[in-house]
Q: 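Right, I'll just put the structure down here and ask away after.
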Amino acid sequence: MPRDSTALPLAPAARFRPPAIIPGQAAIGLSLAALILSLWLGLHVHGVYFHRWQGWGWALAPVLVAVQTWLSVGLFIIAHDAIHGSLAPGWRGLNKAMGQLCVGLYAGFRYRRLASSHHRHHAASGTEGDPDFHPGAPRRLWPWFFRFFLTYFGWAELAVLTLWVAGALMLGAALPNLLVFWALPALLSAFQLFFFGTWLPHRHGEPGFEDSHNARSNGFGPLLSLLTCFHFGRHHEHHLYPELPWWRLPDLQSR
């Protein structure tokens, strides 16, 4: 069984800084991003506009929601790499455009605001200066999650999503389909991102933190690490090497 929420020491090789950019990194990152985006959009269109609640439709729905939830996590991880410039190194405008596309599709978020908050998170992770941290509840899951959610989802995002829902309904989407195949995966993926990418790595208590990054990594194997949070649960490694894209994080434990 994977060792959840344990502070694992990094492999000795991870103490040595890997190259920030490898040959073909932009091509690989953009290809993976295009795959995730295409799959997300295809399932979104199918679920919202074409899924029918007869026969196998009921049995297939939970599978589609689970896959769409995971792909929604992927959208945010793409934007996260864009924030660090690791999605397409050297292409600042492309990083920003891809980041805004992903967070916009995800929940009408504003990329610039997310980028600013994320850089502050890295500068003061696990402290009062960290916008992703809850200093009043440094161990408690639900108060921290609600604070995290409200930090990023406000009136502007609600207005954008309201317009999107109205537009989708005008184009023929059924409200139950919107709720099940769009709203539900967005909410579930928000919790998934928070649980594996924020709360487990940065909560205070036992085990303690290894250094001033105030971050720990889980002990998940490669497949579970990918399925839970696109390797973002290897969070101490990410804080040590924020310039590495998500798909290069496993290399730190296998070199």
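Computed over heavy atoms, backbone and side chain alike; hydrogens, waters and symmetry mates excluded.
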Q: How close do A137 and P143 get, heavy atom to heavy atom, and via which atoms?
A: CB-CB, 4.1 Å
Q: So do N177 and F50 actually touch side chain to side chain, heavy atoms under 4.5 Å?
A: no
Q: Apply side-chain contact (heavy atoms from CB on, under 4.5 Å) to the pair L244 and L252, showing each step before the final yes or no.
A: CA-CA 10 Å; L244 299 187; L252 296 176; 4.1 Å; yes
Q: So, do R203 and R140 sit near enough that their side-chain heavy atoms are less than 4.5 Å apart?
A: no
Q: Over all heavy atoms of both residues, which pair between V73 and S189 is shortest? Give the atoms and the distance, please.
A: CG2-CB, 3.7 Å
Q: Work out which heavy atom in P138 is nearest to a heavy atom in G136; give both atom names and the distance.
A: CD-C, 3.6 Å
Q: How far apart are the C-alpha atoms of F181 and H44, what are their side-chain angles, what is the distance that settles it, and do they pass the side-chain contact (heavy atoms from CB on, under 4.5 Å) test?
A: CA-CA 7 Å; F181 296 112; H44 174 79; over 6 Å; no
Q: Could you give the distance from CD (E157) to CZ (F109), rounded to the nearest 0.5 Å?
A: 6.0 Å
Q: Heavy-atom count check: over 12 atoms from other residues, nucleotides or ligands less than 6.0 Å from R112 CZ?
A: no
Q: Calculate, to the nearest 0.5 Å, the distance between atoms OG1 and CG belonging to T228 and L200 respectively.
A: 9.0 Å
Q: Membership question, hydrophobic clusters at under 4.5 Å side-chain separation (ILVMFWY): are M170 and Y49 in the same one?
A: no
Q: So, the side chain of Q25 versus the backbone of S86: is there a donor-acceptor pair under 3.5 Å, distance only?
A: yes
Q: Using modelled atom types and a 3.5 Å cut-off, is there a donor and acceptor pairing between side-chain atoms of Y152 and backbone atoms of R113?
A: no
Q: How about W40 and F76: are their ring centroids closer than 6.0 Å?
A: no
Q: Does E237 reach the main-chain N or O of L249 with its side chain, forming a donor-acceptor pair under 3.5 Å?
A: no
Q: Applying the ring pair (Phe, Tyr, Trp, His ring centres under 6.0 Å) test to H238, which of H122, H213, H231 qualifies?
A: H122
Q: How close do P135 and E128 get, heavy atom to heavy atom, and via which atoms?
A: CB-CG, 3.7 Å
Q: If hydrophobic clusters are built by linking Ile, Leu, Val, Met, Phe, Trp and Tyr wherever their side-chain heavy atoms come under 4.5 Å apart, do L41 and L171 end up in the same one?
A: yes
Q: Taking atom CD1 of I36 and atom OG of S72, what is their separation to the nearest 0.5 Å?
A: 11.0 Å
Q: Is it possible for you to say whether V103 and L163 belong to one hydrophobic cluster, with membership spreading through side-chain heavy-atom contacts below 4.5 Å?
A: no
Q: Ignoring hydrogens and angles, tell me if any N or O in the side chain of H51 forms a donor-acceptor pair with the backbone of L43 under 3.5 Å.
A: no
Q: Does the side chain of W164 reach to within under 4.5 Å of the side chain of L178, using non-hydrogen atoms?
A: no
Q: Side chain to side chain donor-acceptor pair (under 3.5 Å) between H202 and H235: does it pass, once the steps are laid out?
A: CA-CA 9 Å; H202 292 295; H235 212 73; 3.0 Å; yes
Q: Counting N and O atoms only, with roles assigned by atom type, does the side chain of R139 sit under 3.5 Å from a partner on the main chain of E206, one being a donor and the other an acceptor?
A: no
Q: Distance-only, no hydrogens or angles: does the S225 side chain make a donor-acceptor pair with backbone N or O of F220 under 3.5 Å?
A: no
Q: I need the minimum non-hydrogen distance between P250 and R234, along with the two atoms involved.
A: CA-NH1, 2.9 Å
Q: Given 3.5 Å as the limit, does a donor-acceptor pair link the side chain of N218 with the main chain of F196, or not?
A: no
Q: Side-chain contact test, heavy atoms from C-beta onward, threshold under 4.5 Å: evaluate it for L193 versus Y106 and give yes or no.
A: yes
Q: Under 4.5 Å between side-chain heavy atoms, counting indirect links through other Ile/Leu/Val/Met/Phe/Trp/Tyr residues: same cluster for F195 and W142 or not?
A: yes
Q: Where the side chain of R147 meets the backbone of F133, is there a donor-acceptor pair that is under 3.5 Å apart?
A: yes
Q: Hydrogens and angles aside, do H236 and D211 bring a side-chain donor and acceptor to less than 3.5 Å of each other?
A: yes
Q: Quick one: does any side-chain atom of Q192 pair with a main-chain N or O of L187 as donor and acceptor, under 3.5 Å?
A: no
Q: Given the rule in the side-chain contact (heavy atoms from CB on, under 4.5 Å) test, do K96 and Y111 qualify, once you have shown the distances and angles that lead to the verdict?
A: CA-CA 7 Å; K96 291 175 64 176; Y111 173 79; 3.8 Å; yes
Q: Under 6.0 Å between ring centres: does that hold for F191 and F145?
A: yes
Q: What's the verdict on side chain to side chain donor-acceptor pair (under 3.5 Å) for H118 and H80, showing C-alpha distance, side-chain angles and the deciding distance?
A: CA-CA 8 Å; H118 191 66; H80 168 265; 3.1 Å; yes
Q: Measuring only between side-chain heavy atoms, which start at C-beta, is L226 closer than 4.5 Å to W70?
A: yes
Q: Kindly determine whether L75 and L37 satisfy side-chain contact (heavy atoms from CB on, under 4.5 Å), including the steps that lead there.
A: CA-CA 7 Å; L75 287 185; L37 274 164; 3.4 Å; yes
Q: Enter the distance from L32:CG to I78:CD1 here, rounded to the nearest 0.5 Å.
A: 8.5 Å
Q: To the nearest 0.5 angstrom, please state how far the CZ atom of R92 sits from the CG atom of N95.
A: 10.0 Å
Q: Indicate yes or no for a side-chain donor-acceptor contact from W144 to the backbone of D132 under 3.5 Å, with no hydrogens or angles considered.
A: yes
Q: Is any side-chain heavy atom of Q68 less than 4.5 Å from a side-chain heavy atom of V65?
A: no
Q: CH2 of W91: more than 12 outside heavy atoms within 6.0 angstrom?
A: no
Q: Is there a path of hydrophobic side-chain contacts, each under 4.5 Å between heavy atoms, that joins I21 and W247?
A: no
Q: Give the C-alpha distance, both sets of side-chain angles, the deciding distance and a yes or no for side chain to side chain donor-acceptor pair (under 3.5 Å) between S117 and R120.
A: CA-CA 5 Å; S117 293; R120 285 189 284 126; 3.2 Å; yes
Q: Looking only at heavy atoms, which two atoms of A34 and S38 are closest? And how far apart?
A: O-OG, 2.7 Å
Q: Could you give me the CA-CA distance, side-chain angles and deciding distance for H239 and H121, then say whether ring-ring contact (aromatic ring centres under 6.0 Å, His included) is met?
A: CA-CA 10 Å; H239 275 259; H121 162 71; 5.0 Å; yes
